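Shown next, in structure tokens, is the structure this report addresses.
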Amino acid sequence: MNALWVTLPVVLVAALLLRRLGPTWYWLTFGVTFAAVRVLVRYRSVMDACGLTVPPSRWRLALARVANRPVPEARSPRILWLRPTATGLVLRLKLRPGQDAFDFSASSDRLRHSFSLHNVVSREIRSGVVELRMTGYDVLRRVRMPAAVPGEGLRVPVALREDGEVHYRDYRQVPHALNVGATQSGKSVYQRTLVAGLAPQNAALVGIDCKSGVELAPLAARFTALADNPDAAADLLAALVAYMGRVYELIRTEQRISVALPDAEITADIWDLPAHLRPVPVVLLVDEVAELALAANKAEEARRDQIVTHLVRLSQLGRAAGIYLEICGQRFGSELGKGITMLRAQLTGRTAHRVNDETSANMAFGDISPDAVLAAVQIDKDRPGTAVAGDSSGGWSRIRAPHTTLRKAVDTCNAHAHRTPSIPELEPFRPAVPVRVLIGKVQPKPTAASAF
């Protein structure tokens, strides 16, 4: 008995320390058991309080009257299974006749408070089945990406979602994307993580960084082409459009349209071409799109129209040629001039970091989801890297990218510099790899052989 009274305080203190210092370990040791019991015990009362029950059917009412029994209670959705995860619980429910999956999405905040969990996200699995992904703690407080999340096929793990799942940037599914956010909101870290994830893959990276290349120039070892001013950007985009035309000529030549061939072998994009003929996919990253759209005189206005026209053309036609766009900026609205809204309409993926006003959030999600606009406005300034990610389907979620240092991104790009492909049209824009200068040390003089 004395040993029990000594053990209980020790276990309690250990649980409190784990909850504060190691929430993941606390959840795996104590939290998951407490949460599962809490959900199962409170389930019926919570469903009734949240209005997620249905009245008894007519045959049950008739049977109760015939048997002279009390009126049956309202019925809750049937639990198919409850599965614990490393970050929370997954509860799958079978809906009763008359229930709608939207009711569970609308009640997610009430379910979160009722079950005493950090977050609840509802999604429809199939007709009549809803899944509630419940997070036991704040997984976005300290982002720790799972160890085994390899990126392949232009599918790059870039962030962690609030439900504990990994958020991927999949260029095959979402070819073009927009990334907006205020200064110090985490856009650069997100972009850095994206480049580091693309570096080991078979892809050509093309960058436009009009801040004299301070963001992308350190990663130049992995870039096929890089422009650091608007004039160079205009020429680079024109060369990329010319490259796109050459790829389409190749696709047209190799479509293999013949009566003797099955339909599956007829191609309309680069991915169905034979491996030895397939051009390398190209990812174009624009660091600050506003610098390309601003004009102070007639000459700059002509250049601006040319740049926007090329970007719109690439966004409309580039997907089949394996050209994908990643557009970043603090604001992205009609005030940037003619053609900008046309470009935005082609950017399926949307990521909004912390913004300073609701108008900026509307530029990203106003035509997709009002709830996503509200979530983007509510991002805390003390949590850089937190963003709201969505697409044109209306689905969205909160994400946070891991803090990828510039040194780590540079090392990754240098390690995979041999993967940088050469494209003839873009060869004039091939960046010079920066040389590290050791301050305070005398550089050795070149020998006759090295000078030659």
Side-chain angles (χ1 to χ4, degrees), residues 154 156 171 175-177 191 194-254 269-271 273 275-289 291-292 303-304 306-328 343 346 409-410 412-414 416-434:
L154 292 182
V156 183
Y171 287 95
H176 313 306
Q191 182 177 252
L194 187 60
V195 172
L198 287 170
Q201 301 197 28
N202 183 30
L205 302 183
V206 177
I208 297 178
D209 181 6
C210 290
K211 294 186 293 187
S212 298
V214 295
E215 294 289 349
L216 298 181
L219 313 174
R222 189 56 183 85
F223 274 79
T224 299
L226 184 63
D228 59 3
N229 61 77
D231 291 327
D235 296 335
L236 173 57
L237 290 173
L240 199 55
V241 171
Y243 166 74
M244 179 178 66
R246 181 166 67 88
V247 173
Y248 274 123
E249 291 179 2
L250 174 64
I251 295 174
R252 186 66 182 88
T253 304
E254 300 293 333
D269 58 28
I270 67 169
W271 299 107
L273 291 174
H276 67 282
L277 294 176
R278 184 183 306 141
V280 64
V282 177
V283 178
L284 172 63
L285 298 106
V286 180
D287 184 66
E288 184 53 70
V289 69
E291 289 298 319
L292 301 177
R303 181 195 65 200
R304 177 233 173 251
Q306 179 187 6
I307 289 174
V308 174
T309 300
H310 288 327
L311 284 175
V312 172
R313 183 166 291 140
L314 289 171
S315 66
Q316 291 178 340
L317 307 176
R319 197 270 322 160
I323 300 176
Y324 307 102
L325 273 60
E326 194 78 27
I327 308 295
C328 301
L343 174 61
Q346 301 296 326
V410 169
T412 302
C413 290
N414 291 342
H416 298 280
H418 62 282
R419 295 180 176 271
T420 305
S422 178
I423 298 176
E425 289 85 351
L426 305 181
E427 197 60 32
F429 307 95
R430 188 69 173 253
V433 178

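Since the model is a prediction, treat every value here as computed from it, not as a measurement. Quick note: residue numbers are just sequence positions, from 1.
- Every residue meeting the side-chain hydrogen bond (donor to acceptor under 3.5 Å, both in side chains) condition with Arg303, not counting sequence neighbours, appears here in chain and number order: Asp231.
- Considering only residues two or more places apart in sequence or on other chains, Glu291 meets the side-chain hydrogen bond (donor to acceptor under 3.5 Å, both in side chains) condition with none of them.
- Listed by first then second residue, pairs satisfying salt bridge (Lys or Arg N to Asp or Glu O under 4.0 Å) with a partner in residues 210-219 read Lys211-Glu215, Lys211-Asp287, not counting sequence neighbours.
- Across all non-hydrogen atoms, the minimal contact from Val195 to Cys413 is CG1-SG, 3.8 Å.
- Leu325 contributes atom CG, which lies 5.0 Å from atom CG of Leu284 (distance to the nearest 0.5 angstrom).
- Annotation: the span from Leu219 atom CG to Leu285 atom CG amounts to 9.5 Å, rounded to 0.5 Å.
- Taking CG of Leu277 as the reference point, atom CD of Glu254 lies at 5.0 Å (rounded to 0.5 Å).
- Annotation for Leu216 and Gln191: closest pair CD2-NE2, 3.7 Å, computed over non-hydrogen atoms.
- Residues passing the side-chain hydrogen bond (donor to acceptor under 3.5 Å, both in side chains) test with Ser212, sequence neighbours excluded: none.
- For residues 421-430, every residue pair satisfying the side chain to side chain donor-acceptor pair (under 3.5 Å) rule, not counting sequence neighbours, is listed here: Arg246-Glu425, Ser422-Glu427.
- Under a 3.5 Å cut-off, the side chain of Thr412 and the backbone N or O of Gly197 do not form any donor-acceptor pair.
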Item to check | From CA spacing to verdict: side-chain contact (heavy atoms from CB on, under 4.5 Å), Val282, Met244 | outcome: CA-CA 10 Å; Val282 177; Met244 179 178 66; over 6 Å; no
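- The structure places CG of Asp235 at 9.0 Å from CD1 of Ile307, a figure rounded to the nearest 0.5 Å.
- Partners of Ala233 under the side chain to side chain contact (heavy atoms under 4.5 Å, CB included) rule, at least two apart in sequence or in another chain, are Ile208, Ala227, Leu292.
- Listed by chain and residue number, nothing satisfies the salt bridge (charged side-chain N to carboxylate O under 4.0 Å, His left out) test with Glu288 (two or more places apart in sequence, or in another chain).
- Annotation: the span from Phe429 atom CZ to Ile423 atom CD1 amounts to 12.0 Å, rounded to 0.5 Å.
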Checklist entry - Step by step, would you call Leu154 with Gln201 a side-chain contact (heavy atoms from CB on, under 4.5 Å)? => result CA-CA 7 Å; Leu154 292 182; Gln201 301 197 28; 4.1 Å; yes
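- Here the shortest heavy-atom pairing between Val214 and Pro218 reads O-CD, 3.6 Å.
- Residues forming a ring pair (Phe, Tyr, Trp, His ring centres under 6.0 Å) with Tyr171 (at least two apart in sequence, or on another chain): Tyr324.
- Here the closest heavy-atom approach between residue Val241 and residue His310 is recorded as CG2-ND1, 3.7 Å.
- By the side chain to side chain contact (heavy atoms under 4.5 Å, CB included) test, Pro421 is found to be paired with Ala204, Arg222, Thr224, Val280, residues two or more places apart in sequence or in another chain being considered.
- Here the closest non-hydrogen pair linking Pro279 and Val247 is CG-CG1, 4.0 Å.
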For residues 311-319, which side-chain donor-acceptor pairs fall under 3.5 Å, sequence neighbours excluded?
from   : atom 1 : to     : atom 2 : distance (Å)
Ser315 : OG     : Leu311 : O      : 3.3
Ser315 : OG     : Val312 : O      : 2.7
Arg319 : NH1    : Asp269 : OD2    : 3.2

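- Contact record, Leu226 with Ala217: CD2-CA, 3.8 Å, taken as the closest heavy-atom pair.
- Taken from CZ in Phe223 to CG in Leu198, the straight-line distance is 9.0 Å, to the nearest 0.5 Å.
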